[in-house]
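A short write-up of the structure that comes next.
Just so you know, residue 1 is the first one in the sequence shown, and it goes up from there. All values reported here derive from a predicted model rather than from experimental measurement.
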Amino acid sequence: MADSGNLIVTTPSDREIAMTRTLDAPRELVYDAWTKPELLKRWLYGPDDWPFAVCEVDLRVGGALRFEWRHRDGGVMALSGVYREIVPCERLVFTEIFDDDWTGGETLVTMTFVEHAGKTTVTQTILYSSRAARDGALKTAMEEGMAMSYNRLAEQLLSPGARGMEKGASWS
């Protein structure tokens, strides 16, 4: 188990990695941050030299997602997936497979959003095809990159635009 700042990373089974972060915002805002492309692009990337270039979300069961990050040197990291379960503001379940399949096949991602006293705890559990695939992911900079992303999200959620947002609107 590791703790990258406020991101807690655990291995609940021999094929899973769970990342948990509590954010100072209601779960509707946090859920929107995970499901609206214009918001995802603001925070879901690690180092600044890997900005989010393509973000496509068809938020419905059976709908596709496509994420691409482009390094300033021209490198690309990209993944595709399909939404399997959607419970607004509570739970998302979707598949992911990287174009350069470094994770050993498709993964299954389960996101939960639990609010208590105005703070939302997000748990992102990734199920890999094998223990070796999970262990390989643990050896990458995934944890560091996700910690950067969640830190960026925490800052975005504290912005006046996020706090003044009406349900369904985008942050300003």
Side-chain angles (χ1 to χ4, degrees), residues 4-7 9 17-72 75-100 103 106-115 119-126 137 140-172:
S4 297
N6 294 316
L7 180 69
V9 178
I17 297 173
M19 293 176 278
T20 303
R21 172 75 189 253
T22 299
L23 299 156
D24 188 13
R27 72 180 176 175
E28 289 83 6
L29 291 182
V30 178
Y31 179 82
D32 283 351
W34 269 102
T35 58
K36 293 185 175 183
E38 68 271 17
L39 302 180
L40 279 160
K41 284 182 179 181
R42 294 182 186 189
W43 69 271
L44 188 58
Y45 58 94
D48 288 337
D49 56 354
W50 277 96
F52 218 158
V54 174
C55 182
E56 298 170 357
V57 173
D58 181 5
L59 191 63
R60 62 182 176 83
V61 173
L65 62 95
R66 176 75 178 166
F67 297 163
E68 293 180 19
W69 298 267
R70 293 199 180 119
H71 193 271
R72 67 176 109 194
V76 176
M77 182 173 72
L79 65 85
S80 298
V82 175
Y83 289 98
R84 290 194 175 171
E85 182 182 345
I86 299 168
V87 180
C89 302
E90 291 181 23
R91 183 176 165 91
L92 291 172
V93 179
F94 53 93
T95 60
E96 285 183 344
I97 189 159
F98 283 85
D99 289 4
D100 179 15
T103 60
E106 187 175 77
T107 62
L108 184 65
V109 180
T110 301
M111 308 278 313
T112 59
F113 306 86
V114 178
E115 184 177 344
K119 294 181 187 260
T120 301
T121 300
V122 179
T123 301
Q124 179 179 6
T125 304
I126 306 169
T140 70
M142 175 186 73
E143 181 177 339
E144 180 183 342
M146 286 304 298
M148 288 178 190
S149 293
Y150 274 112
N151 288 341
R152 198 175 289 112
L153 175 58
E155 291 173 15
Q156 290 282 323
L157 290 167
L158 292 175
S159 73
R163 289 304 175 160
M165 184 180 94
E166 294 180 24
K167 189 172 180 159
S170 297
W171 305 339
S172 53

inquiry  = With rounding to the nearest 0.5 angstrom, report the OH to NZ distance, Tyr31 to Lys36.
reply    = 10.0 Å
inquiry  = Treating Thr125 as the side-chain partner and Ala18 as the backbone partner, does any N or O pair qualify as donor plus acceptor under 3.5 Å?
reply    = no
query = Does Arg27 offer a backbone N or O that forms a donor-acceptor pair with the side chain of Thr120 under 3.5 Å?
reply = yes
task = State, to 0.1 Å, how close Asn151 and Arg21 come at their nearest heavy-atom pair, and which atoms those are.
result = OD1-NH1, 2.8 Å
query = For Thr103, what residues pass the side chain to side chain contact (heavy atoms under 4.5 Å, CB included) criterion, not counting sequence neighbours?
reply = Phe98, Asp101, Thr107, Tyr128
message = How close do Leu153 and Leu23 get, counting heavy atoms only, and between which atoms?
response = CD2-CD1, 3.7 Å
salt_bridge(Arg66, Asp99) N-O dist < 4.0 Å = yes
inquiry  = Could you go through Leu92 and Thr110, starting from their C-alpha distance and side-chain angles, then the distance that decides it, and tell me whether this counts as side chain to side chain contact (heavy atoms under 4.5 Å, CB included)?
reply    = CA-CA 6 Å; Leu92 291 172; Thr110 301; over 6 Å; no
remark   = dist Asp100:CG -> Leu79:CG (nearest 0.5 Å) comes out at 12.0 Å
query = For Ala33, does its backbone N or O pair with a side-chain atom of Trp43 as donor and acceptor, under 3.5 Å?
reply = yes
task = Apply the test side chain to side chain contact (heavy atoms under 4.5 Å, CB included) to residues Met19 and Ile126: give CA-CA distance (whole Å), side-chain angles for both, the deciding distance (0.1 Å), then the verdict.
result = CA-CA 9 Å; Met19 293 176 278; Ile126 306 169; 3.6 Å; yes
query = For Phe52, which residues count as a ring pair (Phe, Tyr, Trp, His ring centres under 6.0 Å) partner, sequence neighbours excluded?
reply = Phe67, Trp69
message = Check Arg84 with Glu106, please: is the shortest side-chain N to carboxylate O separation under 4.0 Å?
response = yes
request  = Would you check if the side chain of Gln124 reaches a backbone N or O of Met111 as a donor-acceptor pair within less than 3.5 Å?
outcome  = no
ask   = Can you tell me how far CH2 of Trp50 sits from CG of Leu44, rounded to the nearest 0.5 angstrom?
value = 13.5 Å
remark   = Partner of Met146 under side-chain contact (heavy atoms from CB on, under 4.5 Å), picked from Glu143, Met148, Met142, is Met142
Side chain proximity check, Val30 to Leu157, heavy atoms < 4.5 angstrom = yes
key: Member of Thr123, Asn6, Val114 meeting the side-chain contact (heavy atoms from CB on, under 4.5 Å) criterion with Thr20   = Thr123
query = Hey, mind stepping through Trp34 and Leu40 against side chain to side chain contact (heavy atoms under 4.5 Å, CB included) and telling me if it holds?
reply = CA-CA 6 Å; Trp34 269 102; Leu40 279 160; 4.3 Å; yes
note = What one should report as the nearest heavy-atom pair of Glu85 and Val61 is CA-CG2, 4.2 Å
ask   = Can you tell me if Thr95 uses its side chain to pair, donor with acceptor, with the backbone of Gly81 under 3.5 Å?
value = no
inquiry  = Applying side chain to side chain contact (heavy atoms under 4.5 Å, CB included) to Val54 and Arg70, what does each step give before you reach the verdict?
reply    = CA-CA 9 Å; Val54 174; Arg70 293 199 180 119; 3.8 Å; yes
note = CG of Leu65 to CG of Asp58, rounded to nearest 0.5 Å, is 9.5 Å
query = Is the shortest distance from a Lys or Arg side-chain nitrogen in Arg152 or Asp48 to a carboxylate oxygen in the other one below 4.0 Å?
reply = yes
query = Side-chain donor-acceptor pair under 3.5 Å between Thr22 and Thr121, yes or no?
reply = yes
inquiry  = For the OG atom of Ser149 and the CZ atom of Arg42, what is their distance to the nearest 0.5 Å?
reply    = 15.0 Å
remark   = Value for OH (Tyr83) from OG1 (Thr35), rounded to nearest 0.5 Å, stands at 7.0 Å
key: Non-hydrogen atoms of Ala147 and Leu7 that approach each other most closely   = N-CD2, 3.6 Å
